Structures are given as structure tokens and as C-alpha cells.
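Below you'll find the structure, written out as C-alpha cells, and then a few comments.
The figures here come from the full heavy-atom set of this structure, side chains too, leaving out hydrogens, waters and symmetry mates. Remember, predicted model here, so these are calculated numbers, not experimental data.
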Amino acid sequence: MTLFRLSQERLTLAVALLVATSLLCVCYASSFAQSVDPQTALPLPQGFGKDLAPNAVQDQRVRQYLYPKRIVWTSEQGVANPELLLQPVLGQTSTSIMGDQTQACVLSKGGAFILDFGCEIHGSFRVEARDLTPGASSQGRSVKLRVRFGESVDEACAEVGEKGAINEHSTRDQVIAVPWLGAVECGESAFRFVRVDLVDDDARILFDSARAIFIYRDLPRLGQFNSSDERLNQVWDVAARTQLLTMQQYVFEGAKRDRLVWYGDFTPQTMTALRVYGDSKVLRDTLGYYARETWPLPKWMNGMPNYSLWWLITIGDLYRHTGDRALVEEQWDYVKGLVEQLLPYIKEDGHAGFPNPFLDWPTNDKPQALDAGTHAMFALGFDRVAEMAAVVEDAKTEKLARETAAKVRTYKPSNVGNKQAAALLALAGIEKSGESNVDVVAKNGAENFSTFYGYYMLEALSEGGADQVALDVCRDYWGAMIDVGATTFWEDFDLKWLENAGRIDERTPEGKESLHGDRGAYCYIGLRHSLCHGWASGPAAWISAHVLGVTPTEPGFTKARVKPFLGDLDWVEGDVPTPYGQIHVRCDKNDDGSIKVQAVAPKEIELEIVQP
């Protein structure tokens, strides 16, 4: 952002023009961040400001209408002309064709249909009625419709309570009353499919339209990726899409469920957001303002000590990417207080841990893995503290943090053959005798991966030089979700779930099991399972850092390294956002197997290219 010095006269004129045209100039906390302060209201229309301005808060998101891409299913009776729902309309009912049943989709006795909007979105659903005949139970001139959202077709058909289907965090199953010559909007959730049923057999409705309202933050993809492998390109795209749908008022962990801020989930989300959408105000507000306001010390983030450690690591990672001293200064008092709160959990022998640790659900019943992974997190967290202390010139805290991290590394717990624990130990540089951490993570490829800790497993594989294994896992694990209809990545996934299972974008055939309704575990059993979870977006961040190979060697990318890995790829190309603009990389494999690397960076960045 460029700041101009204005004379007093010009400043007065500028302010007058802004007021006259009802424009708002927003001052950013950081020149690197997109979006604006979520607490800032746009100017209200003239005549409303006096009464409403103190209560106005701007919604930073945009809304777009979407028409269905296909009709998945209709009932055998009670549905006429459903294909008309796929066609654009004027957006305002015309009374000239109000009662013409040949010009509208009509629902009557027993009528129902399922719409497919093409891919998972976050938003609402809007029904507009051209004409209707009320039923006996109608209140006034209206018709009752039952509307069910689904991330899968099976979820759109389920009753509340059936196979874990819920009305929690967002309402997926509701009855709405649509007025004559009027419209109704319902829900705000993540969905791809919508099922509509006529409630009263003696009623009838002529639709003007049945549209989705796509609600999202308009953040451009500053990061890009393309390669000779279309499957890998799809994985990147779906990961990027997954992350954007979770960036709502704040950064939710899931767009359907829980629609809450969970700081353990936040590190993969932050890394993907930075690598695809760059630094953004919503990211900072979630990590900074919202965290401090809702979890003041001595509370642990989300009531979980491991999540406070993840917050500490993530703040450090955000600084590494942005190089923004003001970010560290803003958080520093909280960081120092958290350090004091963490120190008593480190024993004299260097062993660090909590009484009730948590990594992810698949490790929750594995106490040795929980202990090893948590121990590694202490080392990573105090590394970040030391880096941030140097920025604010707090020599005492820097010395304490470096000594503490070194002390923690003298204790070397076993990974007990667990991939989550092994990944964190590898990233923390804590080795043990016998089978290495990286070997444990690499064993049997995508077996025993999780969508959350999959990000750390990919990073650990690259840390140990097993980039090709990581590349194969991206294709085999995340790619398998795409194969069965996923357009966003899921809260969890296991390749074994595919055995005798149907797809998520069709009704499960007889003799098959429901991939959504009959799978899952822990808190994500059956249809409760979120199919758009931000922590699953990690492959985009890993591809950017290790396939394109772009990493900062100094905070804020003042210095950066390009060290690509092509493996079995013929070429890769893409962009990586930095505070100064994008670094563009193009790599081509020559006939002799050598790699030609071309990289262009903004002039503020000192770029080192490492030939593969």
C-alpha cells in the first residue's frame, strides 16, 4: 500500500468527496493483509445513519446466486418440468406468466427433487414462487416445503438422527413457508446438494427459481500451481477450494460443522491460506484478536493445552511468512504469559507434556503417541518463541526459549510406530535409535494417514528426503476422495472406507454401503462427518513449499530459496505469494533427466535457486 502526503486543503477535499460519495477508506493494520476489519461498517445510506450506524457491522463476504447444474433425482409423481430449474431467470416474478404450468417447475402431491450445484459451496438456499395453491395446514397464502442440505446425496435424503445426520452448528433439515409471489431464504451451511419436498399433499407450487446463494470471501488466488500431472493439479485445486470455504466471519475449521475456531486445526489452514490466498485480515483476526478476546490467560486455547502450543507455533509461522514486526509486538505480552504457563510442564530431564494431551482423534487412545507428539510440539513452540523474541529484542526471553528448546530435545521419546507422533518428532529434529521417524511415516504410503496430520506427515517426509513418497500420497490419499465425488477435502478419510462403498454424488446403490453415512469414527461418525474441513487442505501448502520448492530463508521472504522437486513429473509451474508480490517458478525436465529451473521474484527478494 502506498501512502501519500496530502496538504491540509487536499485532505479536507478528499474527506468531503468520500462523504459525498459514501466511500470508505480503510486503514489496514498491516500493508500485507487483504480484506478489512470485520468490525468496520460501511457508510449507511443517507437518512439511515443517525438511527442505525451504531449497530452496523459490515459483512466482509460477497453473495452470488447459483443455478443448479443437474437434477439428481425426482419423485415418481408430483414433479413437472424440473429441468426449468436449471435455466436462469429474471430474478423477479413476472405476473404475465404467473399461472402457466408449462413455464415453471411444478410440485404437487408427493413431489420432491434433489438439486446438484456442481461442487461444494458455503451459503444459503432461496426459493421464489411464481404461483401456488395453499394446503389445508398453510398459514395464509403460502406453501410449506421441506428443504434438506447435503454434502453428499445421502445426507440430503436423511432424516435428522439417521446415520448421524444432525441439525447442529447449521440447520440442514428445515420446513419453510414460501409466500405467493414471494421468496424465502434458508440456512447458512456448506452443501452441494439440496432436496426439496412438498409438505402438504393438497398444496401446489410453481417455482420461479430454486437457487443457491454462494457466500464467500472474495480473496483472489495469489498462489497457483500447474503440472504435467492432472491428478496432482486437482488435489491442489480442491485443497485451495476447501480452505476458502472455511474463511467466513473468522476461519472456521469446517464449513458445515463445527463452524467454530479451533486452534489445533489452524496451522494447516494458516499455511494453505498463506500459500494460496496470501496474508489476509481474516487470518490475522482469527489468530490474534479473536484468540486473545476469547481465551485470555490462564485459559488454554479452546480449553486444550496442546491447542495453545499450536497457536504459538502458528503465530511464529505467520511471522516467518510475513516478516511483520508489528504482528509479533501485538502478540508479545500474550506470548510471554503463555511461556510462563508452559514452563512448569517441562521436567528436569527435558520431558515435556500435559496431563490430558490431544493430537488428533485417531491418536486419542494411544497414550505413548500422544506423549511423544506433545513433547515434539514443545520443542517447535519454543523455537518460534526464540525467533519472535529476537524480533522484539527481548534478549532474556530469547535466551530462555533457546535453552528450553535445547533441553526438551535431550529427551527422546519413542514414536511407537505411530505416524502422527513420528511426523512431529521428525519436524522437531528429535531422533531415536532404531527405525527413523521418517521411515515410520513412509511405511505403506497412504496407509494410516489422516487429513489433519497428513500435512505434518507430508512435511516430515520432505524433511527426510522422501519427497516422492509424499507426492504419491497426495495422489493416492487425497486423490481417492476426488475419485468418489469429493470437491472439497474431508474431516478424515481412510482408504479402507472405499471397500464396497458408493460415491457421495449419487444415491448409494442397493448392495453398497454409504461412503458418507456408514463410515467415520470418533466425533465424525456417519453423516455428521464434515466433508469440507480446513485442516485437510495441507497438500496445497506442501506442494507450494516442496514441489515448486519455494521457501523463505529470512522472515518475510526478504531472502528465499527455490529448490523444486519434480520426481516423476515432467514439468511444474506456479506462483507463491509473498509480502512483496508473487514468486513465479517454472521447471522443465530435459531429455537427459536434468531440470531447467526458471524463477522470477519481486526486486525486494534475494532469490537463491538450488538446481535439483
Side-chain angles (χ1 to χ4, degrees), residues 32-34 219-229 232-233 235-237 239-240 243 267-280 283 313-314 316-324 387 427 455-456 458-468 470-471 473-474 478 537-589 594-612:
F32 302 153
Q34 299 181 43
L219 300 176
R221 281 194 190 179
L222 303 177
Q224 299 288 340
F225 177 77
N226 200 17
S227 76
S228 57
D229 184 352
L232 194 64
N233 300 341
V235 169
W236 162 274
D237 181 65
Q243 178 55 38
T267 299
Q269 290 184 277
T270 298
M271 301 314 294
T272 298
L274 289 172
R275 291 276 177 169
V276 179
Y277 301 102
D279 188 12
S280 63
L283 200 63
I313 292 167
T314 309
D317 286 341
L318 183 59
Y319 169 69
R320 286 179 173 183
H321 188 95
T322 64
D324 186 3
E387 292 172 18
L427 294 174
Y455 169 68
Y456 307 110
L458 293 174
E459 287 288 316
L461 289 169
S462 288
E463 185 77 16
D467 293 280
Q468 185 61 53
L471 197 60
V473 166
C474 282
W478 279 272
S537 68
W542 177 82
I543 289 169
S544 175
H546 298 284
V547 178
L548 286 178
V550 180
T551 54
T553 53
E554 293 288 343
F557 281 88
T558 54
K559 294 183 180 180
R561 177 181 296 121
V562 177
K563 186 181 178 181
F565 174 79
L566 268 64
D568 55 11
L569 301 171
D570 295 325
W571 59 269
V572 298
E573 185 173 21
D575 298 307
V576 177
T578 80
Y580 306 104
Q582 289 100 310
I583 296 174
H584 180 78
V585 176
R586 169 80 192 202
C587 304
D588 293 273
K589 187 177 292 182
S594 62
I595 307 296
K596 179 183 178 182
V597 181
Q598 302 174 78
V600 179
K603 60 181 175 58
E604 295 87 350
I605 299 174
E606 182 181 324
L607 201 62
E608 174 193 6
I609 299 177
V610 179
Q611 193 68 35

Original post:
So do the side chains of Pro602 and Ile583 get within less than 4.5 Å of each other, counting heavy atoms only?
Top reply: yes
Original post:
Which pair of heavy atoms, one from Gly223 and one from Pro577, lies closest together, and at what distance?
Top reply: N-CG, 3.6 Å
Original post:
Do you know which two heavy atoms are closest between Cys474 and Pro539, and how far apart they sit?
Top reply: SG-CB, 4.1 Å
Original post:
Distance-only, no hydrogens or angles: does the Trp542 side chain make a donor-acceptor pair with backbone N or O of Leu458 under 3.5 Å?
Top reply: yes
Subject >> Check: Lys589 side chain, Gly567 main-chain N or O, donor-acceptor pair, under 3.5 Å >> reply: yes
Original post:
Going from CD on Glu554 to CD1 on Ile605, what distance comes out if it is rounded to the nearest 0.5 angstrom?
Top reply: 12.5 Å
**OP:** Nearest 0.5 Å please: distance from the CG atom of Leu318 over to the OG1 atom of Thr322.
**Re:** 5.0 Å
**OP:** Run the numbers on Val562 and Leu607 for side-chain contact (heavy atoms from CB on, under 4.5 Å), then give the verdict.
**Re:** CA-CA 7 Å; Val562 177; Leu607 201 62; 3.8 Å; yes
Subject >> Phe557 versus Pro552, closest heavy-atom pair with distance >> reply: CZ-CD, 3.5 Å
**OP:** May I ask you to check whether Glu459 and His546 show a side-chain donor-acceptor distance below 3.5 Å?
**Re:** yes
Subject >> Set of residues satisfying side-chain contact (heavy atoms from CB on, under 4.5 Å) with respect to Ser227, sequence neighbours excluded >> reply: Phe225, Asp229, Leu232, Asn233, Leu569, Val572
Original post:
Going by heavy atoms in the side chains, are Arg221 and Asp237 under 4.5 Å from each other?
Top reply: yes
Original post:
Does the pair Thr272 and Tyr277 meet the rule for a side-chain contact (heavy atoms from CB on, under 4.5 Å), with working shown?
Top reply: CA-CA 8 Å; Thr272 298; Tyr277 301 102; 5.7 Å; no
Subject >> Ser544/Trp236 under side-chain contact (heavy atoms from CB on, under 4.5 Å): CA gap, chis, key distance, verdict >> reply: CA-CA 9 Å; Ser544 175; Trp236 162 274; 4.2 Å; yes
Original post:
Rounded to the nearest 0.5 Å, what separation is found between the OG1 atom of Thr314 and the CG atom of Leu274?
Top reply: 10.0 Å
Original post:
Which heavy atom of Ser228 sits nearest a heavy atom of Asp570, and at what distance?
Top reply: OG-N, 2.9 Å
Original post:
Hey, does Trp571 have a side-chain heavy atom less than 4.5 Å from the side chain of Arg586?
Top reply: yes
Subject >> Reported CD-to-OG1 distance for the pair Glu604 and Thr578, which is rounded to 0.5 angstrom >> reply: 8.0 Å
Subject >> Derivation and outcome, side-chain contact (heavy atoms from CB on, under 4.5 Å), residues Glu606 and Thr558 >> reply: CA-CA 6 Å; Glu606 182 181 324; Thr558 54; over 6 Å; no
Original post:
Is the number of heavy atoms from other residues, nucleotides or ligands within 6.0 Å of CD (Gln468) greater than 12?
Top reply: yes
Original post:
Can you tell me how far the CG atom of Leu471 sits from the CZ atom of Phe565, to the nearest 0.5 Å?
Top reply: 6.0 Å
Original post:
Okay, side chain of Gln582, backbone of Leu222: is any donor-acceptor separation there less than 3.5 Å?
Top reply: yes
Original post:
Can you tell me how far the SG atom of Cys587 sits from the CD atom of Gln611, to the nearest 0.5 Å?
Top reply: 8.5 Å
**OP:** For the residue pair Val550 and Arg275, establish whether any side-chain heavy-atom pair is separated by less than 4.5 Å.
**Re:** yes
